[in-house]
Number of protein chains: 2
Amino acid sequence: MTVAEQIRSQFDQLTPAERELANTLIANYPMAGLGTIMELATAAKVSTPTVMRTVKKLGFGGFPAFQNALHDELKQTLSDPIDKHDHWANDVPAEHMLNQFATAVTNNLRQSLKQLDHKTFDDVVTLLTEKERSIHIVGGRITHAFADYLQTHLQVIRKNSHMLPASSGLWPHHLLNVNEGDILVIFDVRRYEADLLELAKLANKRNVKIILFTDQWLSPITSYATHYFSCRIEAPSGWDSGVVTLFLIETLISAMEEVLWPETSSRLKELEDIFDFTGRFKR
Amino acid sequence: MTVAEQIRSQFDQLTPAERELANTLIANYPMAGLGTIMELATAAKVSTPTVMRTVKKLGFGGFPAFQNALHDELKQTLSDPIDKHDHWANDVPAEHMLNQFATAVTNNLRQSLKQLDHKTFDDVVTLLTEKERSIHIVGGRITHAFADYLQTHLQVIRKNSHMLPASSGLWPHHLLNVNEGDILVIFDVRRYEADLLELAKLANKRNVKIILFTDQWLSPITSYATHYFSCRIEAPSGWDSGVVTLFLIETLISAMEEVLWPETSSRLKELEDIFDFTGRFKR
DNA sequence: TATTGTTTGTAAATATTGTTACAAATATTG
DNA sequence: CAATATTTGTAACAATATTTACAAACAATA
């Protein structure tokens, strides 16, 4: 039973001043009840004790209790409609790693998306599709695989994307090939790597645009990055999860593809022809 | 500019405790900010002064001012007849690639988990944790990155895991190092690669146990595999999504870690020490 | 390693809110 | 119309919330 229903059901038992209150409360429900008891009293043009008596009459212990009820209701109304499946896998107990991980991962995704500024996303898509800029990609110990994945896909949809060598000793040398206005994509999640930070500083000095993929605690590279994505990486284990990071990479690729479709389609065609020729793939 | 946007835009200038607060605030926005300053502090596991400082940093005069801003926003949201709550990302149209992709990915996850036999999962965990077997990992053009990711993690929690060389010409040679009872983890999604199939046949002949990660259409290697996982890879674009594949890899790793914890912990400790020594990581 | 600056929490002080007691105002009844 | 009951608001009080001051913990730097 909602607070509004409670008010309506007892409306006829209220005194004139109390009805005044009830009316203003319902008139802009539930906002009117979210402030202080004084604000509500003023809005209804009654005194605070009247409010007090009314909420008690309605069955609440006091004004805070009444307000909590409103809060709980609001929570329901605003709560995510995205189903919280407590059981993802069939016939598997909820404590099974599969279910735990599925829950954690979707939470990560939901929260990361809430924090993501979509303008950042769109700006990055624009940057990455400007073909006069060349792209350079680098990752850390764990994130190296993501850098690899991004590169594999970028290669197909545009020219001039390169992986930085695995050995950090070669990075300064490689930076000579990076021009002002070029893009450096860095993956850096905890524990943040000192070499990557140095690289970012150097690149920043050369006016290279830095796009950073990091975690919710933000790598120190953030200060040097033109744009950054913070992907939540919580997992029910000692490990971190890269699922959200991968999600973002793939979404970026898809968004880029939309923009670049004319060029992409012909590149893809060429690629298919080459693979057909080499016979590496099953038809 | 909404409070949420204000938080996002200044997120990188916040201190760790302040970020903690910002995260919980955004995670269940705006409900978390509607109670008292103490409730918010408790929810975020910080002290009330931290909340105080944060809201001032965000540009509000004090907590009540901050709360009023939330109230005003909420008023807007609640009077807005358009249901904004169907979206993953805030303030982004439903047709935006971010929302489309998020929906697709969670559907993939749900469906993949429905089809997954958890006994297969548990059996694979058992197989991979038997340390007398050595593990060999190989991926295709796209899936190479996943093979890499798996290897990076396996390396930490157990001995004797190896990546097959990138060039398929070297695989037959490498197979000589693989003994009966060893494990070959293969990643093969469409378009299925002929070389990988040949490799699987050879390995099968040598009584190597094959664990296969493939898509919902099942690679031809499935017939030679001891266990296989089919991960749905549908995406709203010409590309396939590897999110479910990564999810499974990470879940496997976590499950293995649970089993192997005694050994893992000491290996992890060693690893940390080495990294500390080399100074590659920020503390 | 000592020094400095930053971050964070504890605890006291201040302000505000919620509650109660009581009296004035209003309505009700004989 | 007076007596009584009911309703309502004023003002004091108590409880709680917000803010500030300060000190401990922590990280950065020399």
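Chain letters run A, B, ... following the sequence lines, proteins first, then strands; residues in each count from 1.
Across the protein-nucleic acid pair, A:F60 atom CZ and C:dG18 atom C1' stand 16 Å apart, rounded to whole Å. For the pair B:M52 CE and C:dT7 C1', the interatomic distance rounds to 17 Å; values are reported in whole Å. Atoms CZ (A:F63) and P (C:dG18) sit 5 Å apart, rounded to a whole Å. Atom CE of B:M38 is separated from atom C1' of D:dT19 by 11 Å (rounded to the nearest Å). Straight-line distance from the NZ atom of A:K45 to the C1' atom of D:dT8: 17 Å, rounded to whole Å. A:L40 has its CG atom 13 Å from the P atom of C:dT17, to the nearest Å. Atom-to-atom, CD of B:Q67 to C1' of D:dT19 comes out at 15 Å; the value is rounded to the nearest Å. Whole-Å rounding puts the A:L14 CG to D:dT8 C1' distance at 14 Å.
Minimum heavy-atom separation, A:L127 to A:I183: O-CD1, 3.4 Å.
Between A:T36 and B:P49, the residue anchored nearer the 5' end of DNA chain C, judged by the nucleotide with its closest heavy atom, is B:P49. Of the two residues near DNA chain D, A:R53 and B:K56, the one whose nearest nucleotide lies more 5' is A:R53.
Side-chain contact check for A:Q151 and A:S161: at least one donor-acceptor pair (N or O, by modelled atom type) lies under 3.5 Å. Of the N and O atoms on the side chains of A:D122 and B:H96, at least one donor lies less than 3.5 Å from an acceptor on the other residue. Under 3.5 Å, the side chains of A:Y29 and A:E73 contain a donor-acceptor pair of N or O atoms. Side chain to side chain, A:T222 and A:S219 fail the donor-acceptor criterion of an N or O pair below 3.5 Å.
Legend: residues meeting ring-ring contact (aromatic ring centres under 6.0 Å, His included) with A:H227, ordered by chain and number and at least two apart, are absent. Here B:F11 pairs with nothing under the ring-ring contact (aromatic ring centres under 6.0 Å, His included) rule; sequence neighbours left out.
Between C:dT6 and B:T15, no contact under 4.0 Å exists linking OP1 or OP2 to a side-chain N or O. For C:dG9, neither phosphate oxygen OP1 nor OP2 lies less than 4.0 angstrom from any side-chain nitrogen or oxygen of B:T48.
Comparing atom distances between the B:S47 side chain and each of D:dT10, C:dT10, C:dT7 picks out C:dT10 as nearest. Set against C:dG18, C:dA11, D:dG9, the side chain of A:P64 has C:dG18 as its closest nucleotide.
With a cut-off of 3.5 Å on both pairing distances, the Watson-Crick and G-U wobble pairs of DNA chain C assemble into stems of 3 or more at C:1-30 with D:1-30.
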